[in-house]
Structure formats: C-alpha cells, structure tokens
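First the structure, in the form of structure tokens, and then the observations on it.
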Amino acid sequence: MAEQMDGTDPQHGKDDAQRLRSLTDILDALEKAPHDGRVSLGNVVDEVGTRAFAPIILVPALILISPLSGIFGLPTIGAIFIFLITIQKAMGRSNVWIPQFLRRREVGEDKLQKALTWLRKPCGWVDRRTHTRLTGLVSRPANLVTILVILAICLVIPALELLPFVTSFFALAISFFAVGLLTRDGLFTLIGYIWIGLSATLILWLVTGGSGG
C-alpha cells in the first residue's frame, strides 16, 4: 500500500486524524456540518475531511446502524460510498474523490440529529474502552485483509436491503473494523470478524425461514 492503513495518510492526513480520534469526535463533526433543514453527504464529508480513512468510513457505517438505516435506499447508498472510499484508499490515493450524485444525497436535519442522539451513548461506551492492544490485528498486512473484507461487505449490503434493518448488522461489523483502524485496537477488529460470523448465521436463518435449510 502507498499509505498507512491505520486511518491516516503519512503527511497530509495528520490534521484530520488528530482532530478525529474517537467516535464522539466524529459525531461532533457531523453535528457541525452545514445545514439548512437538510444535510448533504457532501457537507458531512467536507466537515470530517477526506484524508482520514477510518473516520470517513465510520460516518456512513454509524449512520447505517442508527434508525436511519430504515430509510429505503440508504443502506445501498452507504455501501456504495464506503466501497468507493475503501477502494481508493487501497489504491493509495491521499485525497478521496466522491462523485456528485453521492455528495448531493441529503437527509433531513431532524432525522440526522435524532440518529446522532441515539448514537451518543453507545459511541461514548466504546470510546471509554478503546486502547492499543492486539496490534498484530491492526498491522499493515492485517489491515489489508480487513479492507478487503469491508469491500466484500459493501457488495453484500444492497442485496440485503429487502430484509428490514438486517443491513445494520453488517454495518456494525464495518464500524468495529473502522474503530480498530482508528484507535489501533485489534480487539475491535477481532470483534468485527466474530460479528460477521454471527451476522451471516442470522441471514442464513432468515433466508431459510429458521428451518436450517
């Protein structure tokens, strides 16, 4: 990889990375995004910054585990966004390009605020429990595997949108991975992999009607 895989770019991403070092920091940035009754994805990205990988991945992932995930089409849009960001970072881009059709996507300010309020408590809980550990799971080779898994999840999410709120399970796995990248806490990366297994089991159960086949 042409850059670090811990959520920061070697030279250009330091300001964003230092400013956004926790989930609460990211929620604060979302609240500061310019708005006039509606908040666009472009506004959010500009506030978070396009040079800090983990925070910009966490934004849509957190939104997709909030009640906003029930809005039809939003999980697919979020998956497309995460896929585009992740593939660009995997290719070594220092600045992320976001197509206008995604930048123009909007959500009502009131709905976003309710989602952020809903996320405050669990994000605060996570922030108080993250620290550097199991660093082998957040090494550069391990992070490459994690990034490939995130890409695979993004390909699956649109197909699952017909199952209400099920996409939130896989978005939560992406969130665990992004927290691991952001804080260099390999435990959250490990939890992400475990959560994928549990989510896949749940999907299989739902698809087969709980009959085991």
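Each residue takes its place number in the sequence, starting with 1. Because the structure is predicted, anything quoted here is derived from the model rather than measured.
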Counting N and O atoms only, with roles assigned by atom type, does the side chain of [X] sit under 3.5 Å from a partner on the main chain of [Y], one being a donor and the other an acceptor?
X	Y	value
Glu109	Val39	no
Ser139	Gly136	yes
Arg184	Val138	yes
Gln88	Trp97	yes
Asp127	Thr24	yes

Rounded distance [0.5 Å steps], [atom1] in [X] versus [atom2] in [Y]:
X	Y	atom1	atom2	value
Ile77	Phe72	CD1	CZ	10.0 Å
Phe83	Leu155	CZ	CG	5.0 Å
Ile191	Leu134	CD1	CG	9.5 Å

Within the structure provided, determine whether [X] and [Y] are in side-chain contact (heavy-atom separation under 4.5 Å).
X	Y	answer
Pro122	Leu23	no
Ile196	Phe177	yes
Leu182	Pro55	yes

Steps toward side-chain hydrogen bond (donor to acceptor under 3.5 Å, both in side chains) verdict (Thr130, Asp185)
CA-CA 6 Å; Thr130 55; Asp185 191 337; 5.2 Å; no
Show me the donor-acceptor pairs within less than 3.5 Å that the side chains of residues 58-67 make with the rest of the protein, sequence neighbours left out.
{"from": "Ser66", "atom 1": "OG", "to": "Ile63", "atom 2": "O", "distance (Å)": "2.6"}
{"from": "Ser66", "atom 1": "OG", "to": "Leu68", "atom 2": "N", "distance (Å)": "3.2"}

Classify the ring geometry of Trp195 against Phe176: parallel below 30°, tilted from 30° to 60°, perpendicular beyond 60°.
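Taking Phe176 first and then Trp195, their aromatic rings stand perpendicular (interplane angle over 60°).
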Please walk me through it: do Arg120 and Leu27 pass side-chain contact (heavy atoms from CB on, under 4.5 Å)?
CA-CA 8 Å; Arg120 285 283 177 185; Leu27 296 183; 3.8 Å; yes
Does anything in residues 147-157 pair up under side-chain hydrogen bond (donor to acceptor under 3.5 Å, both in side chains), and if so which pairs, sequence neighbours excluded?
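Checked against side-chain hydrogen bond (donor to acceptor under 3.5 Å, both in side chains) - neighbours excluded - no pair reaches residues 147-157.
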Cut-off 3.5 Å, side chains only: do Thr76 and Glu161 have a donor facing an acceptor?
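There is such a pair between these side chains.
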Going by atom type alone, with no hydrogens or angles, which donor-acceptor pairs under 3.5 Å involve a side-chain atom of residues 144-151 and a protein atom two or more places apart or on another chain?
{"from": "Thr146", "atom 1": "OG1", "to": "Ala142", "atom 2": "O", "distance (Å)": "3.2"}
{"from": "Thr146", "atom 1": "OG1", "to": "Tyr193", "atom 2": "OH", "distance (Å)": "3.3"}

Residue pair Ala173 / Gly192: nearest heavy atoms and the distance that separates them:
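In terms of heavy atoms, the two residues are closest at CB-O, 4.0 Å.
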